[in-house]
Amino acid sequence: MTDPRPSRRARYLDRLDGAAALLFGGVHAVRNSDSEYRYRPHSDIVYLCGWEEPEVAALFRPGSDQPFVLFVLPKDRERETWTGRRGGVEAAHAKYGADLAFPYSELATRLPVLLQGYDRLHYAYGESAEHDKVVFGAIANVRAPLRNGTCLPWKIEHSGVLLGELRLTKDDAELAALRRAAAITTEAHLAAMQAGRPGAYEYEVEAAIDGTFRRLGGTGAGYTTIVGGGENACVLHYIENRSELRPGSLCLVDAGGEFDWYTADVTRTWPVSGRFSSPQRDVYTLVLEAQLAAIARAEAGRPFREMHDAAVAVLTRGMVELGLLDGDVDELIVEERYRKYYMHGTGHWLGLDVHDAGAYHVGMGSRKLEPGQVVTVEPGLYIASDDEDAPAALRGIGVRIEDDVLITAGGPDILTAACPKSLRAVEAACAR
Ligand code: GLY
Ligand code: MN
């Protein structure tokens, strides 16, 4: 596949409509003492530049002969011995297509010159005091040439707005990466269902999952893997993963592998002993019905919000049938009483970030879905173990089912369809 980034940059330069843009990568975050977290490239930089090293800034200058400028860590034999190989300004030119490339340390002094003539700047202000200082300082220093008749970026727009729009619709290269991420993630969930026998610990399941992500060539987990046995499933972002899996309980796994920095996001809930009990089956069946109803609304032209409304309608009716809520279903929905057992949204955009860039509302309304967008669909039902209002047999049950769905003109394309989901398929995958 040809490198998609030159055409993404051309589109970005066009959509900037005469404004300059300055985007920053991140730094190696310190874990403790002399130890650092592995650097994960900034998604906007990955999207437009493909540069994977830390301490990078990309400047876009529409209308200039040299519109794409990269500031990168220069080659440095001694530093590279300690912290890893660098491409340097040479690679920024030759391999990454920068029209101009400079050492990152020259950013503050070169920016005032490079920004001359631009009256607007796209920049993610407020996210880093250090970056704000460089950018606002540069703008202050552009003032001197003003006397000579040039202009300065007096107006700053948050770069996330336009980039969110562009990143929302995935191109072919992005969809190929997401399909690989989905395939790797399916394998990881299958490994989890086999690893999660009675007496195993949640961390053993986590190890099976994260090991599969790496073994199959992914860049790792797109977010910290969640393995919640029994009532731990009712903690939505439970990442301690320290408990023993008990016979007869359920295990909820929310895990997505990244491939080429694009992540899947999948949740499956399965019986540790290999067979759902009758109350577990009832809750699972309800959540699955809600998920299928929501996926049916993942159609081009429908508002994003409809998926949630569809899931809430099914779940609330089911909460009454299961004896969790009492009253008229429509009123319970209007009063949002379902939130006691279903307290999160039904999905989000998916791509380079697990909760990907892009606005959910246009004006006052929910955004209409369009072909090329990728969403998660993830309803759940969570009954706390100490909920004395709930039927005793249901207490401590938490179920979430999540798939990744590509919106197409022909209807929803479930990227994670190969991951077992029906009661029968899940029990088969969990056979002990
Ligand atoms: N997978 C975690 C989340 O969607 O929040
Ligand atoms: Mn999700």
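What you see is a predicted model; the values in this text were computed from it and never measured. Atoms within each ligand, like the ligands themselves, are counted from 1 in listed order.
- Nearest heavy atoms, P103 versus V89: N-CG1, 3.7 Å.
- Atoms of ligand 1 lying under 4.0 Å from any heavy atom of H237, numbered from 1 in the order shown and given with element: 2 (C), 3 (C), 5 (O).
- Inclusion of D254 in the set of residues having an N or O under 3.5 Å from an N or O of ligand 1 is warranted.
- Between V235 and I226, the closest side-chain pair of non-hydrogen atoms is not below 4.5 Å.
- For the pair K340/M319, no side-chain contact is recorded, criterion being any heavy-atom separation below 4.5 Å from C-beta on.
- We find that D99 and R61 are not joined by a salt bridge, their nearest charged nitrogen and carboxylate oxygen being 4.0 Å or further apart.
- In terms of protein heavy atoms, atom 1 (N) of ligand 1 is closest to D265 OD1, 2.9 Å.
- Close approach to H348 involves these atoms of ligand 1, each under 4.0 Å from a residue heavy atom: 4 (O).
- With respect to atom 3 (C) of ligand 1, the closest heavy atom belonging to the protein is H355 NE2, 3.1 Å.
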Check: Would E231 and R246 satisfy salt bridge (Lys or Arg N to Asp or Glu O under 4.0 Å), going step by step from the backbone distance to the final call?
Finding: CA-CA 11 Å; E231 63 186 300; R246 305 251 175 233; over 6 Å; no
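- Around the Mn ion (ligand 2), the protein contributes the following N, O or S atoms at distances under 2.8 Å: D265 OD2, H348 NE2, E378 OE2, E402 OE2.
- The pair R400-D254 counts as a salt bridge, with a side-chain nitrogen and a carboxylate oxygen less than 4.0 angstrom apart.
- The shortest side-chain heavy-atom distance between H348 and D265 falls under the 4.5 Å cut-off.
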Next item on the list: Report the C-alpha separation of D404 and T416 in whole Å, then their side-chain angles, then the decisive distance to 0.1 Å, and conclude whether the side-chain hydrogen bond (donor to acceptor under 3.5 Å, both in side chains) test is met.
Entry: CA-CA 6 Å; D404 304 339; T416 46; 4.8 Å; no
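- Taking every heavy atom of E378 and a limit of under 4.0 angstrom, the matching atoms of ligand 1 come to 4 (O).
- Both cation-pi conditions hold for R8 and Y47: the charged atom is under 6.0 angstrom from the six-membered ring centre and inside a 45 degree cone around its axis.
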